[in-house]
There are 2 protein chains.
Amino acid sequence: MNLKQLSELLGLSQTTVSRALNGYPEVNEATRERVLRAVKETGYRPNKAAQRLATGKAGSIGLVMPTAPGHQSDVHFGEFLTGLGEEAVRHDFHFVIMPADPDDEVAALRRLAISGNVDALFVAYMRGHDPRLAMLKSLSMPFVVHGRSFGSEPDYPYLDIDNEAAFYDAARLLLQLGHTRFALMNGPAHLDFAIRRRNGLVAALNERGLELKEDCTSHTVMSDEEGLIAMERFLQLAERPTAILCSSTVLALGAIRAVNQAGLKLGEDISLIAHDDVLPLLKPENFSVPLTTTRSSLRAAGVRIAQRLIGTVKQAGPFPEQELWKTELIVRASTGPAPQS
Amino acid sequence: MNLKQLSELLGLSQTTVSRALNGYPEVNEATRERVLRAVKETGYRPNKAAQRLATGKAGSIGLVMPTAPGHQSDVHFGEFLTGLGEEAVRHDFHFVIMPADPDDEVAALRRLAISGNVDALFVAYMRGHDPRLAMLKSLSMPFVVHGRSFGSEPDYPYLDIDNEAAFYDAARLLLQLGHTRFALMNGPAHLDFAIRRRNGLVAALNERGLELKEDCTSHTVMSDEEGLIAMERFLQLAERPTAILCSSTVLALGAIRAVNQAGLKLGEDISLIAHDDVLPLLKPENFSVPLTTTRSSLRAAGVRIAQRLIGTVKQAGPFPEQELWKTELIVRASTGPAPQS
DNA sequence: TTGCTTTGTCAAAGCGCTTTGAAATTTCCT
DNA sequence: AGGAAATTTCAAAGCGCTTTGACAAAGCAA
């Protein structure tokens, strides 16, 4: 059933039917009623591809999903997507997800943009100096990035959390508890958030005349395995760190396994603060020793970004172009005074 | 840059350029070279919506993502999606994800199908008697379901794991270890896999003249919280079960927390077997007491389903219409002889 | 040379929708 | 009743692509 058939059935022109459906004023209410009834009876739905071709609007948000045979699936991605979805469903928007090799992200994003399949783009996993930014700006398609990038004016629409402040505050807490030997268990070194978190920690340390040692820093994919490995390495150091900052509860999961295996007590021998993206599976309060965290909901960020994106597409703006969310520092049992030794 | 502009630039007709691009034989090799070079220089990409309109093919797989404000994000969904993506990227396919309220799944699926945005559909979270099946069959669009449904001939394309055998075998193992008091911690009661797993367990028990008691059965969403709650309830029973079958490692996570809190020892006081979807975050060997599991990779299922779906769309078939994967029963430390009491 | 096939190219139709500009109809005022 | 204004409907163009059927050009045999 297409528009032509429907209009023939009704004895109206395609124009009138189309207008009746799209809420244009220049159509008799009685006629509109009739059309709407016919639509309900026949189950007619406009072909989206045709609609897209004619209007240029698709009702969809595009995003690139990093993937590869060896590439481990990322809970953070799923959680964020849930947030996007929660908002999208309210506006009858959908997503076009283009899976792409992480090395191919710029090209994949361009393909997606000029495919004509999407109205707006969402970009995550921002790098320190992200090559996608220049491309996005040149594209004349609405977009929002999650995170930020160094190296250019922040004149693009983003939503980010204040990573620097989060880790600065976390470090301050540990300093106040008397810790002096710090370690950082971070995400991949090229990612923007990792750089900022590191900066936050370093700033807090420097204020006290302390330094973050190279061998007390790990930059890895945020899996529990990597957390375990990194922590095992830290624990073997001559000057064992007593205060750990951890970029994800996922890393913390592995790290804590290592602490337990070494027969050490979390919150006594080792204090740990992790960043909590509020993953339903990894509630910090459910850890055997509840985790002190810096918290910011990834899902909430997804909802907000979808709001902005959809709002822009529907011209319902204006939305603030830049948003920087503060994180909460929530103290639980995984932090305690530095051990005397 | 569109086809018209490109062809004018080359002094060729749109026909020839289109044919050159799509590998048709009736175009001079020299001309094709020239076209390809121009494409590279101009960065021309065909508009997908137009392509879709003209060919009826979109190069995309549609799926419905269940979501709602209260709805907890599901790691299983993300893991499966990663599998789909891994295969899709090889064929330059993408996904159209329609978020929808779980109550609205039939309608959402229909909207997606007739939107003209997708070539094939994927459907998961099969119910015991799934209303979507009839609709899918009437749709004349390729689809594959993950799981199965009762109530009709299995004459539709599916990929499922042998849930019944998995839990039958798991129960047999526990029976051999002398257990007689069983409990089942299952997924939502209306879902097909939950029904089959229960059947498997019940069958094994019945062979020994045992029964699965009502108060030793829990059907819930598969979150760790629900696992905790269910296990707490089991532990308070007068006739405490000693053998637990658990439909997901996520549920097991909460269940084990409850066991620990009760001061009981996993693998001694309580034996537990969980179904393992091979989630990177919840490796059974990383549990404090490594988990005995029935294993089948969700991601691998995603890859396989994408293969079949894309193969069908590209007419590269024939693919087997029905696949039933066996699970592996892997014994670790969470199972042991029934305690003497 | 003529006639026939093969090769390379093109103009035009069509996919299903929206939107423009004009035509037909009704309503209102004098 | 006559004419202007407002309302309702329509035919046709266009979005960017593929594909059909036709047409030159070239190759070959007789």
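So you know, we letter chains A, B, ... as the sequences are listed, proteins then strands, and number each from 1.
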In terms of the nearest nucleotide of DNA chain C, which residue is placed more toward the 5' end: B/T16 or B/L53?
B/T16
If the plane angle is over 60° it's perpendicular, under 30° parallel, otherwise tilted; pick one for B/H129 and B/F150.
tilted
With respect to the phosphate group of D/dT9, does any side-chain polar atom (N or O) of A/T15 fall under 4.0 Å of OP1 or OP2?
no
Indicate yes or no: does A/D192 engage A/R148 in a salt bridge with an N to O separation below 4.0 Å.
no
Go nucleotide by nucleotide along DNA chain D from the 5' end; which of B/Y24 and B/A50 gets its closest nucleotide reached first?
B/A50
For nucleotides 25-27 of chain D, which of its nitrogen or oxygen atoms have a protein nitrogen or oxygen under 3.5 Å away, and what is each distance?
none

Base, sugar-phosphate, or nothing for B/E26, non-hydrogen atoms under 4.0 angstrom?
base
Tell me which residues in residues 3-14 of chain B put a heavy atom below 4.0 Å from DNA chain C, sorted by number, or none.
B/G11, B/L12, B/S13
Check the distance between C/dT19's P and A/K57's NZ and give it to me in whole angstrom.
11 Å
Nearest heavy atom decides the nucleotide; on that basis, is B/N28 or A/R45 closer to the 5' end of DNA chain C?
B/N28
Would you call A/R111-A/D104 a salt bridge at under 4.0 Å N-O?
yes
Take the protein atom CG of B/N22 and the nucleotide atom C1' of D/dG16, then report the distance between them rounded to whole Å.
13 Å
Run the numbers on A/R52 and A/D119 for salt bridge (Lys or Arg N to Asp or Glu O under 4.0 Å), then give the verdict.
CA-CA 10 Å; A/R52 162 66 181 170; A/D119 300 324; 3.2 Å; yes
Would you say C/dG16 has OP1 or OP2 under 4.0 Å from some side-chain N or O of A/N2?
yes
d(CD1, A/I114; P, D/dC17) in whole Å
11 Å
A/D101: partners by salt bridge (Lys or Arg N to Asp or Glu O under 4.0 Å), with sequence neighbours left out
none
Can A/T16 and A/V27 be said to form a side-chain contact (heavy atoms from CB on, under 4.5 Å), step by step?
CA-CA 7 Å; A/T16 307; A/V27 46; 4.2 Å; yes
Please walk me through it: do A/D155 and A/K137 pass salt bridge (Lys or Arg N to Asp or Glu O under 4.0 Å)?
CA-CA 10 Å; A/D155 55 354; A/K137 287 186 198 168; 3.0 Å; yes
Would you say A/R304's side chain and A/E323's backbone share a donor-acceptor pair under 3.5 angstrom?
no
Once you round it to whole Å, what is the distance between C1' of D/dG16 and CG of A/N117?
13 Å
Looking at A/R127 and A/E105, is there a salt bridge between them, counting it only when a charged N and a carboxylate O are closer than 4.0 Å?
yes
Presence of A/N47 side-chain N/O under 4.0 Å of C/dC15 phosphate oxygens OP1/OP2:
no
Check this one for me: any side-chain N or O of B/T31 less than 4.0 Å away from OP1 or OP2 of C/dT9?
yes
Select base, sugar-phosphate, or nothing to describe what A/S18 touches, counting heavy atoms under 4.0 Å on all strands.
base
In whole angstroms, how far is the C1' atom of C/dT7 from the CD atom of B/E29?
13 Å
